[in-house]
Amino acid sequence: MSKKILITGGAGFIGSHVVRLIVNKYHEYEVYNIDLLTYAGNLENLTDIENRSNYTFIKGDITDEVFIRKLFRKYKFDSVIHLAAESHVDRSISDPLAFAKTNILGTMVLLNAFKELWQDKWENKLFYHISTDEVYGTLGETGLFTETTSYDPNSPYSASKASSDHFVRAYGETYGLPYVISNCSNNYGGNQFPEKLIPLFINNIIKNKALPVYGDGKYTRDWLYVVDHAIAIDLIFHKGKNEETYNIGGFNEWQNINLIKLLCLQMDEKLGRDKGESEKLITYVKDRPGHDLRYAIDASKISKELGWKPSVTFEEGLSKTIDWYLDNEGWMKRIVSGEYEKYYKKQYK
Ligand code: NAD
Ligand code: TYD
């Protein structure tokens, strides 16, 4: 069956992988990608599929109510895959209001336009909201986040995502709007903006710049290769049950400092440096305020119900990721000029 899908934030990191997968796999679907092209949005992420006949890019702001309403009336999207967001915790600490606007208001504007367009004609319609494991707050040394873990967000980023998740559920309960939500752990891979740990450190290693480790480096994250997240999103979009939440994770916990040491080793090898060379760049810096100690996902529901599991080990995924950044130095060069420089100086002064 054909579909008319609106993907939001498709020029960003995860969004571009999702757009690529859906456009390449489902030739009969019409895929519309709306993105404001903020500092994090980059059409260079999609050059390989930009001329496909089943793909249309629309530059626009999800918080612009009038524009979004018109867009829904014009194209009559039957499904939404919503990824557009402000996504970086450190930026949410310096500018929390921007996160409330895009992540909460933007989600509501989309929900409202979708509700107004279809009223009660909900058959074969779906609003798929992409969220994060950070809504659950922090774990101690043990335990895993499940789909029933209570929300307990600690950063303005995670609070804004938690709020958007609640609004999606509320529209389901109140108006019968069909939805599904997934909460994923930390992603890594090609096309990620170099403000997040892995691409920032890859870029700094190449340039022989300090690697700024927050606090004691003993914070733990559960890492998933971005292509595996896109595959999970495709599965949930097609097979997920209405009004359900699915946790997605890599079964792959790493303390930051151990991950950084592995990254340094792989980089030494690929750059032909002596073993231990890149590790010398590690510099401990002031901790992030409200830094969550540990995230870890129990992904058994998506695994049992939909048959999903990660396709690569972390060592393989990390190696592919480094190769992507080494093969795409022009991409990085164009990003780290201008605004990025100002951000970097302010964040790591
Ligand atoms: P990203 O910052 O790389 O991309 C976000 C995209 O949204 C950008 O292209 C940006 O231009 C666009 N955007 C921002 N504001 C907009 C607006 N007002 N209107 C239209 N477009 C706008 O983020 P990402 O890492 O790809 O994350 C995508 C989604 O996945 C987010 O909802 C995020 O919360 C969620 N998520 C991310 C991770 C992760 O590790 N990166 C993990 C779990 C969930
Ligand atoms: P990040 O990639 O920002 O993702 P998140 O905060 O959403 O988990 O950070 C991953 C981990 O790496 C987190 O514990 C913070 C830490 N970190 C550093 O130690 N130094 C850095 O420069 C950055 C960006 C992150």
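Remember, it's 1-based here, ligands and their atoms both numbered in the order they're listed.
A salt bridge is defined here as a Lys NZ or Arg NE, NH1 or NH2 lying under 4.0 Å from an Asp or Glu carboxylate O, and Glu86 with Lys101 fails to meet this definition. Salt-bridge check for Glu44 with Arg334: passed, with a basic side-chain N closer than 4.0 Å to an acidic carboxylate O. A salt bridge links Glu116 and Arg69; the closest N-O separation between the charged side-chain nitrogens and carboxylate oxygens is under 4.0 Å. Here Lys59 does not pair with Asp35 in a salt bridge; the nearest charged N to carboxylate O distance is not below 4.0 Å.
Here atom 17 (C) of ligand 1 lies nearest to Ile62 when heavy atoms of Asn186, Thr107, Asn45, Ile62 are compared. Closest heavy-atom approach to atom 18 (C) of ligand 2 among the candidates Phe193, Tyr295, Tyr284, Tyr214: Tyr214. Between atom 3 (O) of ligand 2 and the options Lys196, Arg288, Glu195, the minimum heavy-atom separation is to Arg288. For atom 32 (O) of ligand 1, the nearest non-hydrogen atom from the set Glu195, His229, Lys161, Arg221 comes from Lys161. The residue among Leu197, Asp222, Asn187 with a heavy atom at the shortest distance from atom 10 (C) of ligand 2 is Leu197.
Residue-ligand proximity: Gly106 is placed with every non-hydrogen atom at 4.0 Å or more from ligand 1. Ligand 1 lies less than 4.0 angstrom from a heavy atom belonging to Ser131. Using 4.0 Å as the threshold, Ser185 has a heavy atom nearer than that to some atom of ligand 1. Proximity of Tyr157 to ligand 1 is established by a heavy-atom distance of less than 4.0 Å. At least one heavy atom of Asp35 sits closer than 4.0 Å to an atom of ligand 1. Every heavy atom of Tyr157 sits 4.0 Å or more from the atoms of ligand 2. At least one heavy atom of His88 sits less than 4.0 Å from an atom of ligand 2.
Less than 4.0 angstrom separates some heavy atom of Gly9 from each of these atoms of ligand 1: 6 (C), 7 (O). Within ligand 1, the atoms closer than 4.0 Å to a non-hydrogen atom of Ala85 are 5 (C), 7 (O), 14 (C), 31 (C), 32 (O), numbered from 1 in the order shown. When each atom of ligand 1 is checked for a heavy atom of Gly60 under 4.0 Å away, the hits are 19 (N), 20 (C). Atoms of ligand 1 lying under 4.0 Å from at least one heavy atom of Thr38, given by number and element, are 10 (C), 11 (O), 14 (C), 15 (N). For ligand 1, the atoms lying closer than 4.0 Å to a non-hydrogen atom of Ala84 are 7 (O), 21 (N), 22 (C). Near Asn256, with a cut-off below 4.0 Å to any heavy atom, the atoms of ligand 2 are 11 (C), 12 (O), 13 (C), 14 (O), 16 (C). Close contacts of ligand 2 with Glu134, meaning ligand atoms under 4.0 Å from a residue heavy atom, involve 5 (P), 7 (O), 8 (O). Close approach of ligand 2 to Leu200 is summarised as follows: ligand atoms under 4.0 Å from at least one heavy atom of the residue are 22 (O). For ligand 2, the atoms lying closer than 4.0 Å to a non-hydrogen atom of Val213 are 19 (O).
Among protein heavy atoms, atom 25 (O) of ligand 1 sits closest to Phe13 CD2, 3.7 Å. Among all protein heavy atoms, the one lying closest to atom 27 (O) of ligand 1 is Ile14 CD1, 3.8 Å. Taking atom 20 (N) of ligand 2 as the reference point, the nearest protein heavy-atom neighbour is Pro212 O, 2.8 Å. The closest protein non-hydrogen atom to atom 18 (N) of ligand 1 is Asp61 OD1, 2.9 Å.
Annotation: side chain of Pro194 is in contact with side chain of Tyr340 (closest heavy-atom distance under 4.5 Å).
Residues Tyr179 and Tyr171 place their aromatic rings such that the two centres sit no closer than 6.0 Å.
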